[in-house]
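These notes are about the structure you will find just below.
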Amino acid sequence: MRLKGKVAVISGGARGMGAAEAKLFAAEGCNVIIGDILKEESLTTASEIERNGGKCTFLELDVRKEKDWGNVVSYAIREYGKIDILVNNAGLTSDGHIENLSLDEWNHIMDVNVTGVFLGCKYVLPSMTSAKTGSIINISSQLGFVGSNGSNPAYQASKGAVRILTKNVAVRYASSNVRCNSVHPGPVDTPMTETARSDNEFLTSLIDKIPMGRIGRPEEVAWAVLYLASDESSYVTGIELLVDGGWVAQ
Amino acid sequence: MRLAGKVAIVTGGASGIGAAIAEVFCSEGATVIVGDINDELGCSVVDSLTANGADAMYAHLDVRREGDWRRLIGSALKRFKKVDVLVNNAGISGADSKIEFDLGTWDAVMDVNIVGCLLGIRMVIPHMIDLSCGSIINMSSQMGLVGSTYTDPSYNASKGAVRALSKGIAVQYAKENIRCNSIHPGPIDTDMAFDIFVNSNSMSDALSKIPLQRIGTTRDVAYGALFLASDESSYITGSELVIDGGWTAY
């Protein structure tokens, strides 16, 4: 069991990639805390994990709210005395281009995708630095690397910000043995991409851009996150792990 | 067992990172063919693997020689019927060169580090196409990403070539479900790194560039290779897996 005895907080763990990570982590012996705004779906995921013999708790977490992060951290410390792993997975996007994107929508995406990651790091780091160990995994995107005609500029900017925020945390806290890496999934079969994928023409054009010729599965991202969460990656920090079927390599 | 039923070739498997990869692969259920120019060390690595119950064989392999490759692949296919994984790990540093930009050193480094890599890929690709599956892992370096004052420029260039070659192979063979990725270790506790750093009195300078403040272990790299060799990375191709303690994030 590759995460035996470890404690992980996964934001956006109710569904999609976050739920896949929660299930995989629990199967590898980890105590998982799902933080999400989606109560019902989180409880479904948590109870599925518990039914399979894993350990999983749901806590309400709007990643934009300091108070929520404070609650999550104090729960983890009270219950387990530590947090070994933080997966900043919560994120969103919408339709939009520079010319029609409202400032409110820009700010909303930035708040969740970037400020949410900042707050997660800020609240979890003190316990990790005092424990002299920790692994933070920030979910960015292949669109944090390269531009795409169809994607929301706020989403792209937010994922680029996550990429470099990760390196700041990695360099600053390496001496405390806290690692911080970003994962960059390509298009993945999740609720976030559901609307986009339902447009057949768009889906075909998307798949045409992927050398492997297919969309990724949430589990395929979860395996990469597991690698970065576990001690197998103890010499890995500040890196960008692309899980994109070759999108950025071409 | 994460590599159960898989057959892997590891070049430069007689010592250092290659030996650690062979050991980790075997412990995860793989059958391993160790190729190296050092027959004595290579045989002793294979002896200790088989003594632990693994299925492994040694084949003499000068990666620059097509004849050696043909013999190795031939005996691997005869005995194990297939090749799922190729780890192009053999490499030299050129650190002995006291003359900067010496053409003899340049040719020697390029022959082993990049021509050797290409020959291996050319030999296994047809078999992987038949299988409709395969994972090729090329050992580059953090020196394939950035420069340093104490690295032979031929080493930098060869490792940069490995990086881009990996992407070329990744994109060209993605539709055949053959994945190809590069690993970029920072300074690792091997004889090769020892030569570079001791010869140039640069160990303390190197350590000052590593946020995690330590040299990596061969296991740190072997676990990265394991991840890329296994089906856990089935959506990862054309990626650079950097295992450098944060060197290039800094």
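Below, chain A is the first sequence line, B the second, and so on; all start at residue 1. Both backbone and side-chain heavy atoms feed into the values below; hydrogens, waters and symmetry mates do not.
The part of B:Phe227 that comes within reach of chain A is its side chain, from C-beta onward, which places non-hydrogen atoms under 4.5 angstrom from that chain. Neither the backbone nor the side chain of B:Glu176 comes within less than 4.5 Å of any heavy atom of chain A. For chain B, no part of A:Ser233 is nearby; none of its heavy atoms comes within less than 4.5 Å. For B:Arg214, the parts sitting under 4.5 Å from any heavy atom of chain A are the backbone and the side chain alike. Proximity to chain B is limited to the backbone of A:Glu240, based on heavy atoms less than 4.5 angstrom apart. If you measure heavy-atom distances from A:Ile210 to chain B, the contacts under 4.5 Å come from both the backbone and the side chain. Of the atoms belonging to B:Ser233, not a single heavy atom falls under 4.5 Å from chain A. For chain B, no part of A:Arg163 is nearby; none of its heavy atoms comes within less than 4.5 Å. Only the side chain of B:Gln213 comes within contact range of chain A, with heavy atoms under 4.5 Å apart. Contact annotation for B:Ile178: neither backbone nor side-chain heavy atoms come within less than 4.5 Å of a heavy atom of chain A. Heavy-atom distances place no part of B:Arg163 under 4.5 Å from chain A, backbone and side chain included.
Residue with the most contacts toward chain A among B:Ser166, B:Ala222, B:Cys180, B:Ala174: B:Ala174 (heavy-atom pairs, distance under 4.5 Å). Heavy-atom pairs under 4.5 Å with chain B were tallied for A:Gly246, A:Gly245, A:Ser230; the largest tally goes to A:Gly245. Chain A forms more heavy-atom pairs under 4.5 Å with one residue of B:Gly216, B:Gly168, B:Gly246 than with any other, namely B:Gly216.
Heavy atoms from other residues, nucleotides or ligands lying under 6.0 Å from NZ of B:Lys175 number more than 12. Within a 6.0 Å sphere centred on CG of A:Asn149, heavy atoms belonging to other residues, nucleotides or ligands number 12 at most.
Listed for the B:Tyr235 side chain is a donor-acceptor partner under 3.5 Å among the backbone atoms of A:Gly216. Within the 3.5 Å criterion, the main-chain N or O of B:Tyr250 finds no donor-acceptor partner in the side chain of A:Lys167.
In terms of heavy atoms, B:Ala249 sits closest to A:Gly238 at CB-O, 3.5 Å. The two residues B:Ile236 and A:Leu242 have their closest heavy-atom pair at CG2-O, 3.5 Å. Closest non-hydrogen pair, B:Ile188 versus A:Tyr235, comes out as CD1-CE2, 4.2 Å.
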Practice item. Apply side chain to side chain contact (heavy atoms under 4.5 Å, CB included) to the pair B:Ser234 and A:Arg217, showing each step before the final yes or no. Key: CA-CA 10 Å; B:Ser234 53; A:Arg217 291 178 284 112; 4.0 Å; yes
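Interatomic distance, CG of B:Asn177 versus CE of A:Met212, reported as 4.5 Å (0.5 Å rounding). Annotation: the span from A:Trp247 atom CH2 to B:Thr237 atom OG1 amounts to 15.5 Å, rounded to 0.5 Å.
Ion pairing between a basic and an acidic side chain is recognised when a charged N comes within 4.0 Å of a carboxylate O; A:Glu232 and B:Arg2 show such pairing.
Proximity of B:Lys167 to A:Gln250: side-chain heavy atoms (C-beta onward) are nowhere separated by under 4.5 Å.
Of the candidates B:Leu212, B:Asp244, B:Ile243, B:Leu212 is the only one forming a side-chain contact (heavy atoms from CB on, under 4.5 Å) with A:Thr237.
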